[in-house]
Amino acid sequence: MRVFIDCDPGIDDAVALAYLAARPEVEIVGVGTVFGNNTVAVTTDNALRLLELYGRPNVPVAMGAERPLVQAPRLAEHVHGGNGLGDVALPEPVGSPVAESSAELLVRLARENPGGLDVLAVGPLTNLAIALGLEPRLPELVRRLVVMGGAVEVPGNVGSHTEANIVNDPEAAEAVFAAGFDLDLVALDITMRTVATSEWLDRLKGVPGERAQRTSAFLDFYADFYKGIFGSRQCAMHDPLAAAVLIDPYLVTESFEVPIRVELNGSLTRGMTVADRRPRPSADQRRAARVVTSVSEDEFLKLMLDSLR
């Protein structure tokens with residue numbers, strides 16, 4: 001399985017990278033970075049450090065967009081720490097970013113591997129929107145796209161209706177959802193119900209080795225933030241779950257298909273992911289996305305722990 005990852009590391013991005021890097025049958029052909037959880041300079045540096053930590057130092061890393069298409073960026077240092085990794089220090093990376101941008105790298109790889117490339121997007125979708133501008137046939141060239149983002153039938157996490165990745169660049173997200181990808185959407189509807197419990201976090205603390213111990217330290221910071229939301233020591237597994245949906249689709253037990261649109265104009269709802277769930281929705285020519293609504297949570301958390309052993 002050949003996978004391109006577009007991300008903004010970020011604590012949960014780090015855990016998603018760990019999940020994928022641990023699987024020998026998964027070839028990570030490239031990583032693109034974007035602003036989001038921190039500046040693109042920081043997320044790029046983090047991607048290099050994490051790939052070296054998780055044993056994939058030769059994966060090309062391409063720096064992507066430093067800001068959204070239209071609006072100013074909104075960063076999340078209060079969630080992920082000043083360095084994006086829970087203020088946990090990792091060694092300086094040996095590698096450096098490639099000369100291509102994230103969008104250019106994705107387009108080149110998709111053209112070289114038509115129908116053989118899967119894409120995981122777990123940050124704002126700016127790079128993918130730019131890639132579509134470079135190569136409008138990208139949805140035909142890419143086999144499958146899994147996006148972590150949106151809040152379809154649940155409240156948002158940035159605003160009452162909005163999720164961080166989508167609201168950070170609504171125009172880009174709307175372009176991606178309109179493009180016709182074979183797309184799975186892993187939204188807050190499922191990620192806020194798929195959590196690393198305090199018991200799971202304690203089990204991770206007992207796993208020896210640098211990968212597990214560093215990741216445990218990242219998640220300690222993350223769990224402190226989520227304690228204010230859940231009222232107990234646990235954290236949502238947003239990006240790792242999207243990675244699992246991509247490479248272990250059998251974990252998905254329920255989903256529904258519906259075209260997804262992004263509200264661009266509402267004063268209270270800009271960035272909202274909109275799905276027409278009426279029994280007889282209006283005709284919509286847009287290709288439907290599969291919205292994941294249930295997963296085998298215990299099996300996912302077992303696989304996640306195994307990836308860090």
Side-chain angles (χ1 to χ4, degrees), residues 1-34 37-38 42-64 80-81 83-98 100 102 105-106 109 113 116-123 146 148 196 200-201 203-222 237-248 251 299-309:
M1 192 171 186
R2 299 168 63 80
V3 176
F4 182 91
I5 307 167
D6 197 80
C7 56
D8 58 337
I11 292 170
D12 56 333
D13 306 72
V15 185
L17 287 170
Y19 192 96
L20 294 170
R23 301 289 284 273
E25 74 274 23
V26 174
E27 180 186 358
I28 304 175
V29 297
V31 169
T33 60
V34 67
N37 291 325
N38 211 302
V42 171
T43 63
T44 304
D45 186 66
N46 285 348
L48 292 165
R49 294 171 190 249
L50 290 165
L51 287 165
E52 292 175 13
L53 172 66
Y54 295 133
R56 298 289 185 108
N58 297 319
V59 173
V61 174
M63 183 181 292
H80 297 269
N83 72 347
L85 296 174
D87 296 326
V88 177
L90 292 181
E92 288 287 331
V94 175
S96 57
V98 298
E100 293 170 290
S102 176
L105 179 61
L106 171 57
L109 292 170
N113 303 275
L117 191 66
D118 296 297
V119 177
L120 175 68
V122 291
V146 174
M148 189 281 123
W200 188 92
L201 294 168
R203 289 172 66 195
L204 176 58
K205 277 186 182 296
V207 176
E210 186 181 15
R211 298 178 192 183
Q213 291 304 302
R214 297 278 194 176
T215 307
S216 178
F218 302 156
L219 290 172
D220 277 345
F221 187 99
Y222 208 43
M237 299 291 268
H238 303 292
D239 296 352
L241 183 61
V245 167
L246 176 64
I247 67 170
D248 296 312
L251 293 172
E299 176 67 10
F300 161 65
L301 289 172
K302 176 184 179 298
L303 290 171
M304 187 67 252
L305 195 64
D306 288 345
S307 72
L308 292 164
R309 291 191 188 282

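- Counting only distance, with no hydrogens or angles, the side chain of Asn37 and the backbone of Asp8 share a donor-acceptor pair below 3.5 Å.
- There is a side-chain donor-acceptor pair under 3.5 Å between Thr215 and Tyr54.
- Within the model, atoms CD1 of Ile11 and CG of Asp220 stand 9.5 Å from one another, a figure rounded to the nearest 0.5 Å.
- Remark: the Ser102 side chain and the Asp6 side chain contain an N/O donor-acceptor pair separated by less than 3.5 Å.
- Note that SG of Cys7 and CG of Leu17 are 5.0 Å apart. Values are rounded to the nearest 0.5 Å.
- Counting heavy atoms from C-beta on, the side chains of Leu120 and Leu20 come closer than 4.5 Å.
- Asn113 pairs by the side chain to side chain donor-acceptor pair (under 3.5 Å) definition with Arg2, not counting sequence neighbours.
- Considering only residues two or more places apart in sequence or on other chains, Asn38 meets the side chain to side chain donor-acceptor pair (under 3.5 Å) condition with none of them.
- Side chain of Arg214 to backbone of Gly209: no donor-acceptor contact under 3.5 angstrom is found.
- The CD1 atom of Ile28 sits 11.0 Å away from atom CE of Met1, with the distance rounded to the nearest 0.5 Å.
- Taking the ring-ring contact (aromatic ring centres under 6.0 Å, His included) definition, one finds that Tyr222 meets it with His80, Tyr226, sequence neighbours left out.
- Taking CE of Met148 as the start and CG of Asp12 as the end, the distance is 7.5 Å to the nearest 0.5 Å.
- We find the CG-CG distance between Leu308 and Leu303 to be 11.5 Å, quoted to the nearest 0.5 Å.
- Panel note: side chain Asp239, backbone Val15; no donor-acceptor pair is recorded below 3.5 Å.
- Residues Tyr19 and Val26 fail the side-chain proximity criterion, which asks for heavy atoms closer than 4.5 Å.
- Between the CG atom in Leu90 and the CD atom in Glu52 there is a gap of 9.5 Å [rounded to 0.5 Å].
- Other residues, nucleotides and ligands contribute only 12 or fewer heavy atoms inside 6.0 Å of the CZ atom of Arg203.
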